[in-house]
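Counting starts at 1 for both ligands and their atoms, in listed order. These values consider heavy atoms only, across backbone and side chains, with no hydrogens, waters or symmetry-generated copies.
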Amino acid sequence: MDMPDILLEIEREVRPHFGRGKVASYIPGLKRVPPDKFGMVVRMVDGGEYGVGQFTEPFSIQSISKLPMLMLAMSMMGEEIWRFVGKEPSGSAFNSLVQLEYEKGVPRNPFVNAGALVVLDAVMANTQGKASQVMLDYLRVLSQNFAIDYDRKVAASELRTGHRNAAIANLLRAHGRIRQAPDTLLEAYCLQCSLEMSCLDLARALLPLANSGVSPLLEEAVLTDRQTRRINALMMTCGMYDSVGSFAFRVGLPAKSGVGGGIVAVVPRHCCLVVWSPELDRSGNSLVGTAALELFARMTKLSIL
Ligand code: GLN
C-alpha cells in the first residue's frame, strides 16, 4: 500500500473510536471544538508530504508548544538548561504538584507543566522577556506559514482558570527556580500554549527532529544532531505523560501530545507524523490520535522498536 492509501485506511479504521474520549473542558476556550475532527500528516525528510482529513485546519497546539520552546532553550543555552530541569519520566499527571514539592522545585522533565515553566523562564531571561514573539517567529519560519498566530481568547480563558498552573509557578518561585514573577510567567505560558497550527504546519516545523536537526525546508540546521537525539529521547520517555509506557507499547515512537488533541511523532531519519483529533483519554492524550499512530506503526513498520 502506498502512503495516501495507508492514510485513507487509517482514517476509515479509527472511526469506531469516536465518542470514547472527552474534549478538554478545563480550559474554557477549548470546549467549543467539535469532537469529531480528524486530520493526519506524514512529512518525509526527503520531501514527500501526505495528508488526510482536516490536516490543514489550525487547532490549539497546547503542550506541543513545549517542544519548540525546548528547542529554543537548547539552542540558546546548550547544556546549561539541564541545571534547571531533569530528564526522568514523572509517572504522574502533567499538572501534578506533589512530586515537585518533594523534589524541592526541580521539575522531573521539560514536558510536565512545571518543567515547561522553567524552560520558558530560561528563554524569557535570554530574550529580554520576548519569548512568545521569538517562538512565534521561529515557528513561522520553520513551518513557512507566516499566518500562524496565538489565540488570545484561549490564552485569556486558561489564565483565568489555571489555578493549578498558578500553584506550580508559585511553588517554583518559592524554591527559587524561576526568575520571572509567577504572574508574568503564567501569562506567557498560556499564550505559548494557545498557538494555533495545523497538522501540516507542525509536521513541516518539527521535521528537523526527524533529520538530525536540519530543516529540509530551509536547508539549515536548527539543532545539532546530539541535541536532536536528546529531545527525541525525552519525547520517548516523557512526551505522553503518565501513559508514556502504554504509548511506547502500542506505537513505539518518540511523541509529544497536547490537550488540544494534537500528537507529533518522529520516525528518526524518515518522517515527522502529526495527528489531530480532540477527544482525549484519561492521561490527556488524543484517543483517536493514539489509535491512528498505532495503526500507522503497524501498517508501515516504521517504528523504532
Ligand atoms: N495549557 C495546558 C495546561 O497547562 C497544556 C497541557 C497539555 O496540553 N497537556 O494545562
Side-chain angles (χ1 to χ4, degrees), residues 21-33 58-70 85 89-100 107-121 131-132 135 139 150-172 178 182-197 199 202 206 234-235 237-244 247 255-265 274-290:
K22 276 209 173 73
V23 176
S25 58
Y26 75 100
I27 301 176
L30 292 183
K31 317 198 249 240
R32 283 181 297 274
V33 182
F59 62 90
S60 195
I61 73 168
Q62 291 297 320
S63 279
I64 295 174
S65 67
K66 294 170 181 171
L67 262 181
M69 200 56 92
L70 178 64
V85 61
S90 70
S92 36
F94 59 82
N95 54 8
S96 168
L97 275 154
V98 184
Q99 198 168 46
L100 191 63
R108 271 287 169 109
N109 65 66
F111 296 147
V112 287
N113 289 6
L117 285 165
V118 165
V119 169
L120 172 60
D121 182 69
S132 313
M135 190 185 89
L139 287 174
Y150 296 115
D151 182 333
R152 288 172 195 277
K153 282 207 187 100
V154 169
S157 80
E158 181 170 16
L159 194 60
R160 241 187 307 112
T161 54
H163 306 299
R164 191 170 267 277
N165 285 336
I168 293 174
N170 279 287
L171 198 54
L172 288 169
I178 53 173
D183 287 354
T184 314
L185 188 60
L186 283 168
E187 199 179 327
Y189 173 76
C190 293
L191 194 61
Q192 165 190 328
C193 290
S194 79
L195 188 63
E196 296 225 311
M197 292 173 77
C199 294
L202 279 167
L206 298 172
L234 287 164
M235 287 168 78
T237 51
C238 317
M240 305 297 286
Y241 307 116
D242 44 341
S243 58
V244 75
F247 187 84
K256 180 77 207 82
S257 63
V259 292
I263 306 176
V264 172
V274 184
V275 61
W276 169 52
S277 192
E279 289 183 350
L280 308 179
D281 62 19
R282 269 183 300 171
S283 303
N285 301 318
S286 172
L287 191 144
V288 176
T290 304

Residues in contact with ligand 1, criterion: heavy atom under 4.0 Å: Tyr26, Ile27, Gln62, Ser63, Phe94, Asn113, Glu158, Asn165, Tyr189, Cys193, Tyr241, Gly258, Val259
Shortest non-hydrogen separation from Val33 to Pro278 and the atoms involved: CG1-CG, 3.7 Å
Set of residues satisfying side-chain hydrogen bond (donor to acceptor under 3.5 Å, both in side chains) with respect to Ser277, sequence neighbours excluded: none
Check: Ala169 main-chain N/O paired with Tyr189 side-chain donor or acceptor under 3.5 Å: no
Heavy-atom donor-acceptor pair, Ser257 side chain to Asn285 backbone, under 3.5 Å: no
Atom pair CD/CD of Gln62 and Glu196 - distance to nearest 0.5 Å: 9.5 Å
Pairwise side-chain contact, Pro107 with Leu100, heavy-atom cut-off 4.5 Å (strictly under): yes
